[in-house]
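First the structure, in the form of structure tokens, and then the observations on it.
Below, chains carry the letters A, B, ... as their sequence lines are ordered, and counting in each starts from 1.
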Amino acid sequence: VNRLRLIAADELRLMRRNRVAMLGLIMLLALLGIAVLTSIAHRDSNDQIRARLQAQADMEFDGQPARHPHRMVHYGHFVFRPLPALAAFDPGVDAFTGNTIYLEGHRQNSANFGDVRQSSLLMRFGQMTPAFVLQTLAPLVLIFIGFGLIARERENGTLRLLQTHGATALQIIAGKALALSAVAALILAPAVLALGWLLLVERAYIMPSLLLLTGYAAYLAIWVGVIVLASSIAGQTRSALIMLVGLWALTTILLPRLAPDVALGVKPLSTRLESDIAIQHDLRQMGDSHNPDDPYFNAFKARVLKQYGVAKVEDLPLNYRGLLALEGEKLTSKLFDDYGNRQFAQQKAQSRFADRFGLFSPTIAIRRLSMALAGTDLEAHRRFLEQSEAYRFTIVQRLNQLQASAVTYSDDSNRNKDPEAGRRVRIDPKNWRNVPDFRYRAASQNEMLRAALPGTAMIALWLLGLTLAMRVTTRRLQEMM
Amino acid sequence: MRLWNHELHLLLRQRIALPAFLLLTLLAATSVWVGLAEIARQNATIARIQPQQAEDVAAIAKWASKEGDAGSAAYYTFHATWDAPSTLAFAAIGQRDIAPYVLRIRALGLEGQLYESENYNAELALPGRFDWAFVLNYLAPLFLIVLLHDLKSGEREAGRITLLAAMARHESALWLRRTVLRVSFVFLSLALPFFFGALISGTSLLHIGAVLLITAAYLLFWTLIAMLVWRWQLSSVANAAALAASWLILTLILPALTHLIINSAIPVGQGVELTLAQREAVHDGWDKPKEQTMQTFFKAHPEWKDTAPIKGGFHWKWYYAFQHVGDMSVAPQVRAYRTALEARDRATCAAGFLLPAVGVQTIIHRLAETDLTAQLSYQDRIRAFHARLRKFYYRYVFNEAPFRAPDFEAAPTWINDAV
């Protein structure tokens with residue numbers, strides 16, 4: 001152990017003298033610093049803007065004048081997706097999904113105004129966030145610092161020298177890995193500070209934050225392992241460098257892009273326009289409210305009349321138009337849910353398919369883990385979409401209910417002919433204030449940890465595979481010495 | 001010629017050269033194939049929606065033509081628009097994976113419809129697409145680095161450099177030959193798959209020529225960087241490290257920092273604020289005196305000023321008028337939003353003069369019409385189409401003319417390149 005520490009200390013001394021390595025390291029730390037600061041500021045301001053717009057939308061809804069309830073169904077509501085604290089560390093898909101939805105009756109609108117459509121192509125080069133720096137740039141800097149770890153000793157013939165001093169292959173490999181791990185730990189330091197800040201000041205969840213840090217530590221450890229491995233396999237320092245840069249390009253740049261394209265080819269999605277047409281089509285099949293002889297709505301009418309024991313809709317204690325609106329919304333909403341679930345299921349299948357490439361690329365694995373823990377993956381967006389659809393249904397049905405109970409059938413039928421009836425159908429605006437506001441329920445700590453399972457498993461698999469490869473290489477190195 | 005042949009033999013005998021060329025060709029071919037498949041999918045979608053859309057309109061026409069009410073025909077009928085991919089789009093998919101290329105609109109307020117998003121998997125969009133522009137921009141320089149970093153230093157390290165210098169008639173011609181050979185192979189590895197893709201896609205010769213020219217220029221840039229590094233006379237390892245570091249800085253770090261700077265220097269405000277404002281304006285229409293709304297509307301459309309005045313609580317004339325007045329009321333915000341988006345695009349363009357990676361992406365995506373400008377141009381065409389739709393329906397609504405089955409077919413149809 002003493003000799004191991006000596007080897008590590010010796011290596012670190014060499015690294016400190018390597019001016020190129022130091023420059024790279026300092027540059028990386030500076031970038032990470034910039035990424036941390038801008039990302040936190042970006043998240044805070046975005047979250048504030050969304051909170052302000054949500055408050056404005058709530059106020060505008062509550063402040064609507066006396067109106068026919070169906071006017072409010074069309075006036076609708078806006079909801080905004082808040083940003084979790086850890087989004088400052090890894091914004092994930094936040095910029096690639098819309099963050100606001102306009103909710104109205106009969107229709108399900110998309111989440112709009114994602115940053116990606118408001119930015120130039122530059123966005124597709126990658127966003128300077130702590131996650132990007134750690135996932136993509138940090139491994140390359142580690143490669144620059146560590147490619148020669150063992151290959152250099154071999155090239156210079158000093159490997160045998162070490163052996164004559166009594167060092168075993170295991171000690172050499174472990175010592176070198178320890179030295180490079182120290183560099184990795186240094187790279188992780190700004191991330192620790194950032195997470196500490198998010199934890200204490202922005203009240204991020206404790207367990208996910210810790211697991212996130214552990215995940216990135218494991219990710220960098222994987223790269224340390226890969227570098228040491230390649231450096232001991234390669235005959236020359238140059239081939240070690242080329243092999244590692246190639247591996248890096250393959251796993252952090254190429255595969256993460258190739259995987260989605262394969263997934264999209266295998267499991268294509270249908271466009272919104274097609275779903276929209278299909279929903280309209282299904283709706284007509286179920287019941288056509290425009291057709292006076294439609295069997296579905298005739299049966300509905302008969303059922304309502306029977307339930308209240310009256311002969312015609314005029315005699316109902318409730319406004320039949322309101323009841324019809326309730327029934328219609330129920331039908332459309334059911335279809336929205338069906339199509340939405342199908343869409344989600346297909347997207348999830350795509351993502352899962354792309355995740356399989358995580359077996360070949362630790363970057364894909366850490367990305368999965370990181371987004372899940374930051375609450376910025378597709379699942380988080382789905383939560384928002386589902387909750388906003390549920391909220392849409394709630395408020396629309398509440399307003400339809402008001403139409404049924406607070407507006408009489410005869411007033412409703414004559415509202416455009418008789419100005420008095422037109423005045424009476426405009427009900428008290430306090431009803432709008434009684435409609436509950438949208439409260440987004442973020443994933444709980446436990447839900448987040450559960451979501452992190454696949455990513456954790458992939459990272460663990462990588463660590464395991466690397467440990468095995470390390471043992472084989474150590475044995476080979478021992479034999480060669 | 002004999003010298004060139006000789007160099008070619010030497011090059012192909014190198015352990016790394018031939019596999020590198022083959023790998024790059026394979027990657028470029030894959031990217032072209034992926035791009036062609038994606039564009040074929042988009043074209044198929046555009047073709048597929050036509051009968052679906054026709055069926056949807058027919059179903060509405062079935063009941064709406066009985067009433068003959070133009071107002072409700074206009075209200076319920078959606079009209080399909082689409083943005084067909086250019087013949088170069090396969091090489092640079094750009095923003096086509098996240099921006100809608102098919103969108104249905106109706107004659108109501110446009111600002112509430114124009115910004116709809118497409119269904120797409122954001123997790124898959126996040127890393128960017130594997131298209132040919134990506135292979136050119138990110139991977140080609142890496143291959144050049146692998147092939148060029150030890151061109152001189154390798155010979156020096158092998159102890160052959162004095163011999164080579166003594167034997168060659170012109171030493172610099174020797175290095176130039178070797179460099180040209182390697183760069184040409186990289187160029188061919190990229191260009192051949194692209195060229196075949198372009199033939200399949202029917203890309204114009206002008207566009208093919210432009211793309212190949214950019215490719216050559218970009219490769220030349222990286223070659224010059226490599227030659228610059230040679231001058232320091234470092235070891236092969238140091239050359240490789242220096243070149244890889246330049247690549248990292250020029251293709252990843254600086255573009256990402258530029259994006260950060262552009263987006264914070266040019267805030268786009270919030271598109272959602274203009275949508276919020278438009279909703280308020282439209283719905284205020286219900287409560288404002290009808291006369292006031294109509295007067296504002298007539299300022300934009302004086303041709304309907306002398307039609308019959310509105311009586312009663314509701315009239316479609318008034319309804320469509322306040323829809324349009326809602327759009328009109330946010331025109332300044334729309335302009336500001338648009339100007340900011342364009343400013344961001346222009347700033348990126350400017351950055352392209354300093355950062356070749358950004359420049360190459362900007363030019364290729366502009367040629368392929370898959371950038372932000374193309375998105376905005378699609379929106380412009382939708383605006384023009386929306387105006388045609390409104391005018392078409394106004395004729396019935398304001399003249400209070402019946403709207404029958406043949407009228408559904410008379411409605412304006414989208415022409416892809418109509419501006």
Counting only non-hydrogen atoms closer than 4.5 Å, does [X] touch chain B with its backbone (N, CA, C, O), its side chain (CB onward), both, or neither?
| X | answer |
| --- | --- |
| Gln64(A) | side chain |
| Arg107(A) | side chain |
| Thr38(A) | side chain |
| Arg52(A) | side chain |
| Ala111(A) | backbone |

By a 4.5 Å heavy-atom criterion (distance strictly below it), what part of [X] contacts chain A: side chain, backbone, both, or neither?
| X | result |
| --- | --- |
| Gln53(B) | both |
| Val358(B) | both |
| Thr258(B) | both |
| Ile98(B) | both |
| Thr251(B) | backbone |
| Ala240(B) | both |
| Leu124(B) | both |
| Phe314(B) | both |
| Ala357(B) | both |
| Trp63(B) | side chain |
| His149(B) | side chain |
| Ile93(B) | neither |
| Tyr120(B) | both |
| Ile145(B) | neither |

Original post:
Once the angle between the rings of Tyr115(B) and Phe113(A) is folded into 0 to 90°, is it parallel (under 30°), tilted (30 to 60°) or perpendicular (over 60°)?
Top reply: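 The arrangement is tilted - the two ring planes meet at 30° to 60°.
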[X] versus [Y]: any side-chain heavy-atom pair under 4.5 Å?
| X | Y | value |
| --- | --- | --- |
| Pro268(A) | Arg41(B) | yes |
| Glu280(B) | Tyr75(A) | yes |
| Thr271(A) | Tyr101(B) | yes |
| Arg238(A) | Ser153(B) | no |
| Arg272(A) | Val102(B) | no |
| Glu123(B) | Phe96(A) | no |
| Asp97(B) | Arg124(A) | yes |
| Leu273(A) | Trp82(B) | no |

For each of [options], tally heavy-atom pairs with chain B at distances under 4.5 Å, and name the one with the top tally.
| options | value |
| --- | --- |
| Leu140(A), Leu254(A), Val245(A), Thr129(A) | Leu254(A) |
| Ser119(A), Gly76(A), Gly98(A) | Ser119(A) |
| Ile34(A), Ile242(A), Asn416(A), Val141(A) | Asn416(A) |
| Ile49(A), Leu258(A), Thr97(A), Val262(A) | Leu258(A) |
| Arg415(A), Arg426(A), His74(A), Lys417(A) | His74(A) |
| Ile253(A), Ile143(A), Asn99(A), Asp115(A) | Ile253(A) |

Chain A contacts, top residue of [options] (heavy-atom pairs, under 4.5 Å):
| options | answer |
| --- | --- |
| Ala64(B), Ala340(B), Ala351(B), Ala244(B) | Ala244(B) |
| Leu341(B), Leu260(B), Val282(B) | Leu260(B) |
| Leu248(B), Leu142(B), Val146(B) | Leu248(B) |
| Asp371(B), Leu103(B), Ile253(B), Leu257(B) | Ile253(B) |
| Ala256(B), Gly352(B), Pro255(B) | Pro255(B) |
| Ile266(B), Ile262(B), Thr362(B), Leu252(B) | Leu252(B) |

For the backbone of [Y] and the side chain of [X], can you confirm whether one donor and one acceptor N or O come within less than 3.5 Å of each other?
| X | Y | answer |
| --- | --- | --- |
| Arg344(B) | Gln118(A) | yes |
| Asp261(A) | Phe130(B) | yes |
| Ser110(A) | Ser117(B) | yes |

**OP:** Could you give me the CA-CA distance, side-chain angles and deciding distance for His281(A) and Asp56(B), then say whether side-chain contact (heavy atoms from CB on, under 4.5 Å) is met?
**Re:** CA-CA 7 Å; His281(A) 176 263; Asp56(B) 189 59; 6.0 Å; no
Subject >> Asp287(B) and Arg71(A): CA distance, side-chain angles, deciding distance, salt bridge (Lys or Arg N to Asp or Glu O under 4.0 Å) verdict >> reply: CA-CA 11 Å; Asp287(B) 304 312; Arg71(A) 288 272 55 76; over 6 Å; no
Subject >> Leu372(B) to Arg117(A) - nearest heavy-atom pair and separation >> reply: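 The pair with the smallest heavy-atom distance is CD1-O, 3.7 Å.
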**OP:** Looking only at non-hydrogen atoms, find the nearest pair between Thr348(B) and Ser120(A) and report the distance.
**Re:**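 Result for this residue pair: OG1-OG, 2.6 Å.
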Subject >> Test side-chain contact (heavy atoms from CB on, under 4.5 Å) applied to Phe78(A) and Arg279(B), step by step >> reply: CA-CA 10 Å; Phe78(A) 277 85; Arg279(B) 174 183 70 151; 3.6 Å; yes
Subject >> Pair Arg284(A) + Glu55(B): basic N to acidic O under 4.0 Å >> reply: no
Original post:
Does a sphere of radius 6.0 Å around CH2 in Trp33(B) hold more than 12 heavy atoms from other residues, nucleotides or ligands, not counting ones at 6.0 Å or beyond?
Top reply: no
**OP:** Dump the intermediate steps for side-chain contact (heavy atoms from CB on, under 4.5 Å) on Phe125(A) and His259(B), then the final yes or no.
**Re:** CA-CA 9 Å; Phe125(A) 277 74; His259(B) 173 238; over 6 Å; no
**OP:** Just do the side-chain contact (heavy atoms from CB on, under 4.5 Å) check on Phe80(A) and Val272(B) with the steps written out, would you?
**Re:** CA-CA 10 Å; Phe80(A) 294 82; Val272(B) 60; 3.8 Å; yes
**OP:** Given salt bridge (Lys or Arg N to Asp or Glu O under 4.0 Å), test Arg104(B) with Glu274(A) step by step and report yes or no.
**Re:** CA-CA 10 Å; Arg104(B) 296 211 300 173; Glu274(A) 290 169 281; over 6 Å; no
Original post:
CD/Glu116(B) to CG/Asn112(A) distance, rounded to the nearest 0.5 angstrom?
Top reply: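 Here the interatomic distance stands at 5.0 Å.
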